[in-house]
Amino acid sequence: MSDESVREQLSSLMDGELAPDSARFLSKRLGNDPELAATWERWHGLRDSLRQQGTLAPVDFCARVREVIDAEDGMAERQTHGSSRIWRGVAGSAIAASVAVFALMLGSPATVPELALPVEATLASVAPVTTSDLTPNWRLSPVSDRQSFVLAQPQLNDEFDNYFVEHGLANGSAGALGIVSYVPVVAAPATRADVAQPQNAGTAAR
Amino acid sequence: MSRNRRMPVLLLADMKSLLRRCLLLLGIVGSLSTSAGDAIGLLTAAQQAQSQQSFEGVVVFMHDGRFDAVRVVQRPGDGGYQQIASLSGMPRALFRDVRETRIEAPGRAQRLPSLVFAAHAFDARRVGDSYRINDAAEERIAGFNARVVDAVARDDVRHSQRLWINPENGLLLGVALIGPHRETLQQVMFTSLVVDARNAGNSDAPAAEVLPPVDPAPVALPAGFQLIAKRVEGARRSLILSDGLAMITLYLEPRSDVLDRLTTLRRGATQLASRQIGHQRAVVVGEVPLTTAVDLANRAAQVLND
């Protein structure tokens, strides 16, 4: 099986779209292939960062998975010593389940402890709020009309979204700025679409 | 007689004064060239450090009248990777290793091959043709010393840039794109940064290598820009253009629909101009002024139809 197809399967496993049999074999491989396990760990870290859990997978996550699998293997070895192949299947399922439990433990949303608020909170004094308090003391640079675009709702355009992504990736790979060039790819898009007729093209170009 | 004796004294004084002025002028010119030389050296160091330094931190991205916080992690070397995740606004994250780039958003994952370019956009030999490079000042960014390098555009085809570079390790701590009226169009700046000096390496092992083009660009390029790489996927061509610092991607592709349309979009300082004529479409994306993008898209679409 090629590396690419393994990664494809890994991606499907993350999305919960892999057939149970394939998932079991892949789980087994995860326990024996440190590089694949590291990829699994990083992809989970990436997904966790989307869920705002605030923490990434523990650094020894893969080692812990391997320990569980080794323990399960040892247990299965003892139990299946001289017994039927049925037990091997059960042990395989247990391995897959163990990995899945680990994944679920990492994927479950973090619980927020209840805030210990005082029963009776009192304020000694509250200063009146003035208009100047609400005015940000910022000094922003002037923005030209052409580039002016302030606090408008993000306007997405599916047809062209990928061009921005592809350019951002190319810029990150070949550009002078390295990883910083990827930042616009993940930041919230805010776009302005002007669909102009050809006669307006000259105006836009001037 | 006395006048004749005074003449050489006056001449000597004039010559001394002239010599002092010449030395002063030479000193100024020398310091300016040294400043430009130092700045080019810093830019070169920054280009190299981007793929060799191991670090993680949080950057603030100022664009479109808003701020976004983004967490970045870079681990170079064997098994190296880059991870970028938005901490504000819409959740989105990017993971890149030598094989592929994975972009995650809620309910959507996108996998793309990781591109590795044989040539890079930054070219120390050419950057001076399009920009005046100055090592302007020293500031402190995210707790690190930073030299401020100004790349001032020599024409209105491109934007000016201000870069903050750590002189010790070459890390780029911030970059701002500056418009024609000295306004900030877009800015990325580290607010926290942890550099791991132990884990330095080179993560540029080839995955989907993009080779430098052997043929010239099929369309007249904006002044100062050169074709540095080309990628062909079926009938679709992606041309990577650079002026030594800024980058433009030009996509040339046939379309099944027939249109006569110009579309422009913008994200931060990144402009997109798409021009379709008949079955052919040219899309220009780059951190350049709108006019540069539209002019190139128009020319390219015209050439595709000729």
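A, B, ... follow the sequence lines: proteins, then strands. Residue 1 opens every chain.
- In this structure, CZ on A:R7 lies 4.0 Å from CD on B:E100, to the nearest 0.5 angstrom.
- Distance check: A:T39 OG1 to B:R102 CZ gives 10.5 Å after rounding to the nearest 0.5 Å.
- Interface remark: A:S11 contributes backbone and side-chain atoms alike to the contact with chain B (heavy atom separation under 4.5 Å).
- With a 4.5 Å cut-off on side-chain heavy atoms, B:R71 and A:V186 do not count as touching.
- The local environment of CD in A:E35 is sparse, with at most 12 non-hydrogen atoms from other residues, nucleotides or ligands closer than 6.0 Å.
- Between the CG atom of B:L272 and the OH atom of A:Y163 there is a distance of 8.0 Å, given to the nearest 0.5 Å.
- Only the side chain of B:V175 comes within contact range of chain A, with at least one heavy atom under 4.5 Å from a heavy atom of that chain.
- The distance from atom CG of A:L169 to atom OG1 of B:T249, rounded to the nearest 0.5 Å, is 10.0 Å.
- In this structure, the portion of B:Y251 lying under 4.5 Å from any heavy atom of chain A is its side chain and not its backbone.
- Using a 4.5 Å heavy-atom threshold, the side chains of B:L112 and A:N162 count as separate.
- Looking at heavy atoms from C-beta onward, A:F164 lies in side-chain contact with B:L265 at the 4.5 angstrom threshold.
- The minimum heavy-atom distance between A:P184 and B:Q186, with the atom names listed, is CG-NE2, 4.4 Å.
- Residue contact with chain B, scored on non-hydrogen atoms closer than 4.5 Å, involves the backbone and the side chain of A:E166 alike.
- In plain terms, the two heavy atoms of B:F61 and A:A187 that are nearest each other are CD2-CB, 3.3 Å.
- With rounding to the nearest 0.5 angstrom, the CG atom of B:L250 is 12.0 Å from the NE2 atom of A:H167.
- Looking at B:I103 and A:V185, their side chains come closer than 4.5 Å, going by heavy atoms from C-beta outward.
- Ranked by heavy-atom pairs under 4.5 Å with chain A, the first of B:G286, B:A109, B:G179 is B:G286.
- Using a 4.5 Å cut-off between heavy atoms, B:T270 contacts chain A through both its backbone and its side chain.
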